Amino acid sequence: MPDLSIGRISGAFGIRGELKCDPSNAGRTLFIRGARLTLEREGASRVVELDQVREHKGRLLVHLKGVDTATEAESYCGGVF
């Protein structure tokens, strides 16, 4: 887990690869289109690029570049930025 977490992926949303993200108050402003963030999950980390970000019911829905299906998105669930 990063020293300072800015958000957590809580699940997949829909069929087009969007992810539900619960950002920290401090990290919320970092979630913008084109941002490159490090995502850690199960001891592994990777840099991802945010292709789209929108708000939905108090949380953010993010679409990562190159993740286009619900099945692909599920592999990111539980990850921490």
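Residue numbers count from 1 along this sequence. For clarity, every value in this text was computed on a predicted model and none was experimentally measured.
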With distance as the sole test, does [X] use its side chain to make a donor-acceptor pair with the main-chain N or O of [Y] at under 3.5 Å?
{"X": "Arg8", "Y": "Ser24", "value": "no"}
{"X": "Glu74", "Y": "Thr71", "value": "no"}
{"X": "Arg16", "Y": "Ala70", "value": "no"}

Can you see which heavy atom on [X] is nearest to which on [Y], and at what distance?
{"X": "Ile32", "Y": "Thr29", "answer": "CG2-O, 3.8 Å"}
{"X": "Asp51", "Y": "Lys65", "answer": "CB-N, 3.8 Å"}
{"X": "Glu72", "Y": "Asp68", "answer": "OE1-N, 2.6 Å"}
{"X": "Ser10", "Y": "Arg59", "answer": "OG-NH2, 3.3 Å"}
{"X": "Val67", "Y": "Gly17", "answer": "CG1-O, 3.9 Å"}
{"X": "Ala73", "Y": "Glu18", "answer": "CB-O, 4.1 Å"}

Evaluate the side-chain proximity of [Y] to [X]: yes if any heavy-atom separation is below 4.5 Å, no if none is.
{"X": "Leu61", "Y": "Lys20", "value": "yes"}
{"X": "Leu39", "Y": "Val80", "value": "no"}
{"X": "Phe13", "Y": "His56", "value": "yes"}

**OP:** Decide whether a cation-pi geometry holds between Arg46 and Tyr76; the criteria are a distance under 6.0 Å from NZ or CZ to the six-membered ring centre and an angle within 45° of the ring axis.
**Re:**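 Yes, Arg46 sits over the ring of Tyr76.
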Original post:
Say you draw a straight line from CG of Leu19 to CG of Leu64; how long is it, rounded to the nearest 0.5 Å?
Top reply: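 Separation between the atoms: 5.5 Å.
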Original post:
Yes or no on side-chain contact (heavy atoms from CB on, under 4.5 Å) for Cys21 and Phe31, after CA distance, side-chain angles and deciding distance?
Top reply: CA-CA 10 Å; Cys21 180; Phe31 288 89; 3.8 Å; yes
Original post:
Is the closest basic N to carboxylate O distance between Glu55 and Arg28 below 4.0 Å?
Top reply: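 Yes, this pair counts.
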**OP:** Walk me through it: do Arg33 and Leu50 pass the test side-chain contact (heavy atoms from CB on, under 4.5 Å)?
**Re:** CA-CA 5 Å; Arg33 185 177 186 183; Leu50 302 181; 5.8 Å; no
